[in-house]
Amino acid sequence: MIRAVLTFPKRRPFVFGTCLAGFKNGAVDLVVQKKVEGRESVDWRRTTVFASFGLLFNGAWQYFLFVKMMPRLCPQAVSFARKPIREKLKDIPGLKQLALQNFVENGVNNALIYYPLFYTLKEYIEGGVFEDGINKYRKNMKDDLIAIWKVWVPAQFINFAFCPLWLRVPYVACVSCFWTAFVSFTRGKKEIL
């Protein structure tokens with residue numbers, strides 16, 4: 001039984017990564033609300049936003065992107081991640097694919113999917129409309145993108161350079177504990193345009 005538990009992340013990476021991301025996002029938001037903001041009562045809608053976003057984006061979507069799409073887009077991604085550092089530094093095609101993966105994640109995914117989805121999901125759960133979510137993203141876009149790239153360009157460089165496919169989503173879930181706390185604190189409160 002212990003072996004089954006210990007090998008579960010590798011055997012069932014989608015289920016493990018998705019559940020970990022959803023649970024982590026909800027838990028981090030709760031900690032921010034209670035310990036950082038000192039709230040007496042929990043805003044459960046806000047926690048639902050973060051937990052739902054964790055399941056949908058940080059878990060399911062990133063599994064699809066990192067484990068299914070990236071290896072197709074960058075066929076040497078798996079073998080590159082297995083190589084020792086000295087071999088990686090000599091592997092010019094592998095380094096180009098590493099840069100491409102980071103561009104897809106940070107230049108396309110985070111800029112065009114992460115924030116628009118976050119803001120529109122947040123608006124929907126809070127009773128707002130789609131357009132309000134997009135308008136909030138437009139208003140915060142410059143600051144949001146600078147913040148996300150400061151964290152995720154180096155973090156995803158490590159992820160794509162060293163993590164096996166099954167570990168990519170759990171790695172992101174662990175790093176994003178701090179990122180989620182930042183987003184919860186800076187963008188979690190209900191905001192009126």
Side-chain angles (χ1 to χ4, degrees), residues 8-9 12-67 104-106 108-156 158-159 163 167-193:
F8 184 77
R12 304 291 303 269
F14 175 78
V15 173
F16 179 75
T18 301
C19 291
L20 176 65
F23 175 79
K24 179 268 312 171
N25 271 26
V28 167
D29 178 63
L30 286 171
V31 169
V32 168
Q33 286 189 52
K34 294 300 277 180
K35 300 297 181 187
V36 176
E37 296 173 1
R39 296 175 63 115
E40 290 190 25
S41 63
V42 173
D43 179 348
W44 288 107
R45 280 188 179 198
R46 175 174 154 178
T47 301
T48 301
V49 168
F50 280 91
S52 299
F53 189 74
L55 282 167
L56 296 172
F57 184 86
N58 301 118
W61 167 249
Q62 286 187 326
Y63 176 85
F64 176 75
L65 180 63
F66 297 163
V67 178
V104 168
E105 166 62 0
N106 287 291
V108 177
N109 189 47
N110 286 340
L112 302 177
I113 300 172
Y114 174 89
Y115 274 118
L117 179 62
F118 170 76
Y119 282 112
T120 55
L121 179 65
K122 183 174 183 290
E123 280 302 307
Y124 174 77
I125 290 174
E126 291 178 346
V129 295
F130 176 83
E131 291 81 14
D132 289 344
I134 297 301
N135 289 333
K136 286 180 183 174
Y137 177 50
R138 283 186 184 131
K139 175 184 156 202
N140 298 323
M141 186 178 193
K142 181 180 176 187
D143 293 336
D144 285 348
L145 290 177
I146 289 170
I148 204 168
W149 290 338
K150 284 180 181 178
V151 173
W152 289 107
V153 169
Q156 294 297 29
I158 292 167
N159 191 15
C163 289
L167 188 57
R168 286 183 171 191
V169 172
Y171 166 82
V172 168
C174 291
V175 173
S176 74
C177 281
F178 302 102
W179 176 253
T180 301
F182 171 77
V183 174
S184 173
F185 185 71
T186 60
R187 303 291 186 235
K189 296 175 186 146
K190 189 163 184 168
E191 175 184 348
I192 311 245
L193 278 178

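Start at 1 with the first residue, then count along the sequence. Note that these values count all heavy atoms, side chains included, but never hydrogens, waters or copies made by symmetry.
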Enquirer: Who pairs with N58 by side-chain hydrogen bond (donor to acceptor under 3.5 Å, both in side chains), at least two apart in sequence or on another chain?
Expert: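 If we apply the side-chain hydrogen bond (donor to acceptor under 3.5 Å, both in side chains) test to N58, skipping adjacent residues, the hits are N25.
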Enquirer: Check this for me: R45, atom CZ, are more than 12 non-hydrogen atoms of other residues, nucleotides or ligands nearer than 6.0 Å?
Expert: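 Counting neighbours around CZ of R45, 12 or fewer heavy atoms of other residues, nucleotides or ligands fall under 6.0 Å, so no.
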Enquirer: Taking only residues two or more places apart in sequence or in another chain, which ones pass side chain to side chain contact (heavy atoms under 4.5 Å, CB included) with V153?
Expert: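 Testing V153 for side chain to side chain contact (heavy atoms under 4.5 Å, CB included), a comparison that skips the adjacent residues, returns N102, N106, W149.
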Enquirer: Evaluate the side-chain proximity of N110 to E105: yes if any heavy-atom separation is below 4.5 Å, no if none is.
Expert: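 A side-chain contact under 4.5 Å exists here.
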Enquirer: Looking at every non-hydrogen atom in both residues, tell me the closest pair between I125 and S52 and how far apart they are.
Expert: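 So the minimum-distance heavy-atom pair works out to CD1-OG, 4.1 Å.
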Enquirer: Test of understanding: with ring-ring contact (aromatic ring centres under 6.0 Å, His included), list the residues that count as partners of F14, not counting sequence neighbours.
Expert: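 If we apply the ring-ring contact (aromatic ring centres under 6.0 Å, His included) test to F14, skipping adjacent residues, the hits are Y63.
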Enquirer: Give, for atom CG of L121 and atom CD of E126, the distance between the pair rounded to the nearest 0.5 Å.
Expert: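 Output value for this atom pair is 9.5 Å.
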Enquirer: If I take atom CD from residue Q62 and atom CZ from residue R168, how far apart are they, to the nearest 0.5 angstrom?
Expert: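 Between Q62 CD and R168 CZ, I get 11.5 Å after rounding to 0.5 Å.
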Enquirer: Mind running side chain to side chain contact (heavy atoms under 4.5 Å, CB included) on W179 and V175 for me, showing each step along the way?
Expert: CA-CA 7 Å; W179 176 253; V175 173; over 6 Å; no
Enquirer: Please name the pair of heavy atoms, one in Q156 and one in F66, separated by the smallest distance, quoted to 0.1 Å.
Expert: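 That closest heavy-atom pairing would be NE2-CZ, 3.3 Å.
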Enquirer: Between I148 and F182, does a side chain to side chain contact (heavy atoms under 4.5 Å, CB included) hold up when you go through it step by step?
Expert: CA-CA 10 Å; I148 204 168; F182 171 77; over 6 Å; no
Enquirer: Quick one: does Y171's side chain have a donor or acceptor within less than 3.5 Å of a partner on A155's backbone?
Expert: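 At least one qualifying donor-acceptor pair exists.
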Enquirer: Could you give me the CA-CA distance, side-chain angles and deciding distance for Y114 and F53, then say whether ring pair (Phe, Tyr, Trp, His ring centres under 6.0 Å) is met?
Expert: CA-CA 9 Å; Y114 174 89; F53 189 74; 5.1 Å; yes
Enquirer: Okay, side chain of S184, backbone of T180: is any donor-acceptor separation there less than 3.5 Å?
Expert: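 The answer is no, because no donor-acceptor pair under 3.5 Å joins these two groups.
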Enquirer: In sequence, state the C-alpha distance, the side-chain angles, and the governing distance for F185 and V28, and then conclude on side chain to side chain contact (heavy atoms under 4.5 Å, CB included).
Expert: CA-CA 10 Å; F185 185 71; V28 167; over 6 Å; no
Enquirer: Going by the rule side chain to side chain contact (heavy atoms under 4.5 Å, CB included), which residues pair with F16 if we only count those two or more places apart in sequence or in a different chain?
Expert: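 With neighbours one apart ignored, the set is F8, P9, L20, P170.
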Enquirer: Can you give me the closest heavy-atom contact between S176 and K24, atom names plus distance?
Expert: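 Minimum heavy-atom separation between S176 and K24: OG-NZ, 2.6 Å.
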Enquirer: Out of K150, R187, K136, K139, which one pairs with D144 under the salt bridge (charged side-chain N to carboxylate O under 4.0 Å, His left out) rule?
Expert: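 Testing each of K150, R187, K136, K139 against D144, the sole residue satisfying salt bridge (charged side-chain N to carboxylate O under 4.0 Å, His left out) is R187.
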Enquirer: Can you sort out the partners of F50 under ring-ring contact (aromatic ring centres under 6.0 Å, His included), two or more places apart, ordered by chain and number?
Expert: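 Residues passing ring-ring contact (aromatic ring centres under 6.0 Å, His included) with F50: F118.
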Enquirer: Who passes ring-ring contact (aromatic ring centres under 6.0 Å, His included) against F178, sequence neighbours left out?
Expert: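 Partners of F178 by the ring-ring contact (aromatic ring centres under 6.0 Å, His included) criterion come out as none, since no residue qualifies.
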Enquirer: How far apart are the closest heavy atoms of P116 and A111, and which atoms are they?
Expert: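 Looking at all heavy atoms of both residues, the shortest contact is CD-O, 3.9 Å.
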Enquirer: What are the two closest heavy atoms between D43 and Q33, and how far apart are they?
Expert: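 It is N-OE1, 2.7 Å.
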Enquirer: Give a yes or no on whether the backbone of L117 and the side-chain of T120 come within a donor-acceptor separation of less than 3.5 Å.
Expert: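 Between the backbone of L117 and the side chain of T120 there is a qualifying donor-acceptor contact (under 3.5 Å).
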Enquirer: Any carboxylate oxygen within less than 4.0 angstrom of a Lys/Arg side-chain nitrogen, looking at E37 and R46?
Expert: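 A salt bridge is present here (some side-chain N lies under 4.0 Å from a carboxylate O).
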Enquirer: Side-chain contact, heavy-atom cut-off 4.5 Å: V49 with Y119?
Expert: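 No, too far: nothing below the 4.5 Å cut-off.
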Enquirer: Between T18 and V15 (side chain of the first, backbone of the second, donor and acceptor by atom type, cut-off under 3.5 Å), is there such a pair?
Expert: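 Here the side-chain-to-backbone pair does not exist.
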Enquirer: Tell me the closest heavy-atom pair linking G59 and A21, and the distance in Å.
Expert: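 So the minimum-distance heavy-atom pair works out to N-CB, 3.7 Å.
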Enquirer: Please determine whether side chain to side chain donor-acceptor pair (under 3.5 Å) holds for the pair N140 and Y115, giving the CA-CA distance in whole Å, both sets of side-chain angles, and the decisive distance to 0.1 Å.
Expert: CA-CA 10 Å; N140 298 323; Y115 274 118; over 6 Å; no
